[in-house]
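First the proteins, then the strands, lettered A, B, ... as listed; each starts at 1. In this text the structure is predicted, and so the values were computed from the model without any measurement.
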Amino acid sequence: MFKCDQCSERCIASNLPRQLLDDLGKNIAQIEFKKGDNIFREGALSQSVAFLKCGIVKLHLHGPVKEKILRIVKAPTYIGLPTSISDNINHFSATAIIDTTVCFIDLHQFREFIYNNGKFAYDIMVEMCENELLDYQRYTNQSQKQLPGMIAETILCLSDRIFNSNRFNFPLTQSELGDLVGTSRESVSRILSDFSQNKIIAFNGKELNILNRDVLEEISAKG
DNA sequence: GCATTAACCACAG
DNA sequence: CTGTGGTTAATGC
């Protein structure tokens with residue numbers, strides 16, 4: 001049986017007073033997911049808050065015409081707080097894109113922690129505000145940049161925020177990348193091969209290598 | 001008009 | 001799942 005007080009990950013419990021750890025341990029379930037596994041599903045009833053302990057996850061939603069990927073997130077972070085707190089029906093889905101570990105916390109327990117622990121609540125607010133600002137930025141970019149700019153931006157974002165490296169295993173299919181930036185898989189394919197031909201990036205199978213970061217940043221900025 | 005951008009379709013590895 | 005060619009529509013010199 002999993003116990004929070006034996007867990008060394010930086011997580012939901014990190015900022016809690018020690019005596020609350022026991023309470024938390026009684027109302028938490030830690031689960032592993034394989035790449036491709038659904039973690040929670042749009043439309044389903046939810047009585048818990050999900051905390052991504054390790055791994056990478058896509059948050060996605062059925063749009064009026066096709067799937068839309070909202071964000072790619074990596075541990076450690078909450079996944080789906082907006083949908084856990086404001087409504088007990090999930091407004092979007094979460095799917096593991098690599099093997100991941102998630103802790104589910106009972107929603108009532110979580111609420112208690114928020115009510116009783118200002119620091120705990122404040123830290124969560126800070127993260128949600130940062131995310132909201134990033135989303136505002138992304139949505140304005142998405143409506144004004146041309147496609148090569150959006151693809152370049154997304155590659156840089158994955159490199160900087162998710163993998164902290166110029167070389168990483170690309171976690172999405174081209175069609176998913178299309179769903180993320182709001183374009184067709186064909187356009188993604190053309191832009192990626194164009195970047196490759198111009199020696200801006202290189203693919204070794206699924207491994208992406210950023211060869212010319214300056215040009216990529218220029219394309220991203222110019223839109 | 002002509003060029004550019006990007007979507008949709010189809011078909012092939 | 002990916003790459004590419006043909007076609008079409010919208011937009012901008």
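- With sequence neighbours excluded, no residue satisfies side-chain contact (heavy atoms from CB on, under 4.5 Å) with A:S193.
- Looking at A:E127 and A:T77, their side chains do bring a donor and an acceptor atom within 3.5 Å of each other.
- Taken together through direct or relayed side-chain contacts under 4.5 Å among Ile, Leu, Val, Met, Phe, Trp and Tyr, A:Y139 and A:L59 form part of one hydrophobic cluster.
- Within residues 193-209 of chain A, the residues having any heavy atom under 4.0 Å from DNA chain C are, by residue number, A:S193, A:K206.
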Quick one: which protein N/O atoms are closer than 3.5 Å to N/O atoms of nucleotides 5-9 of chain B? Pair and distance per line, please.
from	atom 1	to	atom 2	distance (Å)
B:dA6	OP1	A:L147	N	2.7
B:dA7	OP1	A:T183	OG1	3.0
B:dA7	OP2	A:T183	OG1	2.8
B:dA7	OP2	A:S184	OG	3.3
B:dA7	OP2	A:S187	OG	2.6
B:dC9	N4	A:E186	OE2	3.1

Assign a letter to each nucleotide of nucleotides 8-13 of chain C from its 5' end: B, base within under 4.0 Å of a protein heavy atom; S, sugar-phosphate only; -, no contact.
-> ------

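- Screening residues 38-50 of chain A for side chain to side chain donor-acceptor pair (under 3.5 Å) gives no qualifying pairs among residues at least two apart or on separate chains.
- Considering only heavy atoms from C-beta on, A:F195 comes within 4.5 Å of A:I191 through its side chain.
- Taking all atoms of both residues into account, the shortest heavy-atom contact from A:C103 to A:K53 is SG-CD, 3.8 Å.
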Show me the donor-acceptor pairs, under 3.5 Å and distance only, between side chains in residues 149-163 of chain A and residues at least two apart or in other chains.
from	atom 1	to	atom 2	distance (Å)
A:E153	OE1	A:N141	ND2	3.1
A:E153	OE1	A:K145	NZ	2.5
A:E153	OE2	A:N141	ND2	3.4
A:T154	OG1	A:M150	O	2.7
A:S159	OG	A:S165	O	2.8
A:S159	OG	A:R213	NH1	3.4
A:D160	OD1	A:R213	NH2	2.3
A:D160	OD2	A:R213	NH2	3.2

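- When the P atom of C:dC1 is taken as reference, atom CD1 of A:I97 falls 14 Å away, rounded to whole Å.
- Taking 4.5 Å as the limit, every side-chain heavy atom of A:F33 sits out of range of all side-chain heavy atoms of A:L52.
- Looking at heavy atoms from C-beta onward, A:V73 lies out of side-chain contact with A:I56 at the 4.5 angstrom threshold.
- Between A:D135 and A:R71, some side-chain heavy-atom pair lies under the 4.5 Å cut-off.
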